[in-house]
There are 4 protein chains.
Amino acid sequence: MQFQINPAGELPIYRQIMRQITEAIAGGRLKAGDKLASHRELSEQLVVAPLTVKKAYDELEALGYLETQRGRGTFVSERLPKPDRARQGEQIQEAARNLLSQAYLAGLEYSDVLKVLEKAGRDLTALKEREA
Amino acid sequence: MQFQINPAGELPIYRQIMRQITEAIAGGRLKAGDKLASHRELSEQLVVAPLTVKKAYDELEALGYLETQRGRGTFVSERLPKPDRARQGEQIQEAARNLLSQAYLAGLEYSDVLKVLEKAGRDLTALKEREA
Amino acid sequence: MQFQINPAGELPIYRQIMRQITEAIAGGRLKAGDKLASHRELSEQLVVAPLTVKKAYDELEALGYLETQRGRGTFVSERLPKPDRARQGEQIQEAARNLLSQAYLAGLEYSDVLKVLEKAGRDLTALKEREA
Amino acid sequence: MQFQINPAGELPIYRQIMRQITEAIAGGRLKAGDKLASHRELSEQLVVAPLTVKKAYDELEALGYLETQRGRGTFVSERLPKPDRARQGEQIQEAARNLLSQAYLAGLEYSDVLKVLEKAGRDLTALKEREA
DNA sequence: GTGGTCTAGACCACC
DNA sequence: GTGGTCTAGACCACG
């Protein structure tokens with residue numbers, strides 16, 4: 001697993017890490033039961049403080065995506081949450097509105113948005129094959 | 001124009017205001033030349049500090065979405081920016097990836113995502129007719 | 001609100017803080033919407049690092065007991081969670097088993113356990129009147 | 001004797017083992033003089049490191065619940081401790097407060113708590129008959 | 001002044 | 001080695 005963070009980005013570092021992990025799960029590059037790099041190891045890769053990575057792991061654990069076992073490591077949860085249809089639905093709606101309004105402001109048509117979406121779908125799963 | 005803000009949300013209040021204004025422009029509820037409520041007026045509506053609204057207006061002005069005319073008020077810019085294709089493109093890609101991974105994690109199919117997107121498109125423009 | 005922590009206790013400090021807050025809510029000494037001391041303030045009272053208090057607040061927020069508003073403070077959640085009957089039920093069962101086995105090992109009868117429980121009930125709500 | 005451990009639980013594994021043994025003693029499933037499985041045997045059953053089981057046995061021995069006889073094995077102590085009334089009393093009080101506040105937060109009435117407590121009492125002794 | 005984030009470093013508990 | 005906790009101090013974003 002390879003991650004990229006941008007320390008100057010608009011998202012806090014720990015949220016960038018969270019997002020990349022959830023995207024890796026969504027894209028199939030991380031599967032239930034897989035072991036993640038220790039937060040110390042990953043912190044070296046990313047050149048950030050260990051606590052910063054740990055915070056990302058902790059939040060994802062609270063959300064049900066990860067599980068940790070003392071002394072053994074951190075793993076992708078075996079039973080990924082299908083949480084709170086209502087709340088989840090809201091977030092997805094918001095993500096969709098966000099995508100559309102940005103696209104329209106940039107002058108894109110609906111058909112362009114669909115193209116962007118398809119490209120994103122390919123990106124999400126691309127590394128899977130490449131790494132296999 | 002009616003706005004909704006959530007003081008406990010993860011986004012800063014001034015960013016929630018910015019987003020709603022840009023979405024209103026994207027959805028056609030605000031058009032080039034339209035006059036916005038003064039930041040004092042809007043701050044009363046939303047029950048937030050006037051400085052918070054002012055900051056949202058200032059940032060949108062810096063981005064080219066709004067124009068202020070001393071003593072007359074704040075208006076939607078006549079020449080909306082088509083800024084920085086590269087940067088814009090990246091943001092849209094990211095928004096698309098974000099939408100897709102959230103949807104996949106919630107167990108939705110690609111066809112579901114399309115439905116969500118269509119609904120979001122209708123939402124974005126719905127108030128236009130209702131308010132007209 | 002007055003808290004007591006024991007830095008040498010078997011529970012981590014942040015968990016002692018969490019427990020005292022949830023007990024205060026259960027006992028009615030903290031009500032929905034009440035403002036808590038800022039994490040900095042409380043950290044001075046308890047003579048612990050601010051981050052330690054913040055961690056307690058963060059976890060309670062993730063659990064739905066607290067809500068924070070940037071720049072304004074941290075509040076008892078208006079809609080306290082009635083979460084996950086199953087999981088909650090398990091925890092309560094475990095707390096009950098724990099109480100009983102400790103009591104039996106100490107040689108108490110069932111009737112003694114009931115007395116202890118009644119006393120605990122009075123303790124939980126006692127400060128409410130005293131502080132009022 | 002059958003034990004259940006949860007490697008992802010919030011309690012360390014050795015404490016989960018300790019608790020289950022003391023609960024078995026409290027519930028009468030283990031009596032003074034009974035022989036326990038060797039720590040190697042038990043470690044295989046539970047799929048944990050032998051050192052982890054040994055630590056649980058050692059701690060219970062230090063507390064006076066178990067006795068080891070070189071070359072013969074580990075046994076439930078003939079004279080179970082009635083230790084430190086004061087400290088024990090405190091712990092029981094705390095367990096009671098913990099039970100009550102969790103129950104109240106889940107919306108249970110006092111009468112519900114009593115039902116839970118009775119059920120826990122039955123659970124604690126149930127396996128006794130089944131295994132006999 | 002409030003919360004939000006990050007760092008560097010420490011010590012412990014566990015496996 | 002792993003995660004778990006804590007500290008002291010820093011800077012920023014927000015209201």
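Note: hydrogens, waters and symmetry copies are ignored here, and every other heavy atom, side chains too, is used. In the text below, chain A, chain B and the rest are named by the order of the sequence lines, each starting its count at 1.
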### Task
Going 5' to 3' through nucleotides 2-11 of chain E, assign each nucleotide B (protein heavy atom under 4.0 Å from a base atom), S (under 4.0 Å only from sugar-phosphate atoms) or - (no protein heavy atom that close).
BBBBBBB---
Nearest-angstrom distance from the residue atom [atom1] of [X] to [atom2] of [N]:
| X | N | atom1 | atom2 | result |
| --- | --- | --- | --- | --- |
| Gln16(B) | dG15(F) | CD | C1' | 14 Å |
| Ile17(B) | dA13(F) | CD1 | C1' | 15 Å |
| Met18(B) | dC14(F) | CE | C1' | 14 Å |

Who are the side chain to side chain donor-acceptor pair (under 3.5 Å) partners of [X], not counting sequence neighbours?
| X | result |
| --- | --- |
| Glu67(A) | Ser77(A) |
| Arg72(B) | Gln69(B) |
| Glu78(A) | none |
| Glu23(C) | Arg97(D) |

Quick one: side-chain contact (heavy atoms from CB on, under 4.5 Å) partners of [X], sequence neighbours excluded?
| X | value |
| --- | --- |
| Gln45(C) | Gln2(C), Leu42(C) |
| Thr68(A) | Glu61(A), Thr74(A) |
| Ala56(D) | Tyr14(D), Ile17(D), Met18(D) |

### Query
If a stem is a run of at least 3 consecutive Watson-Crick or G-U pairs, both distances under 3.5 Å, which stems include DNA chain F?
E:1-14 with F:1-14
### Task
Evaluate whether atom CG of Leu51(D) has more than 12 neighbouring non-hydrogen atoms of other residues, nucleotides or ligands under 6.0 angstrom away.
no
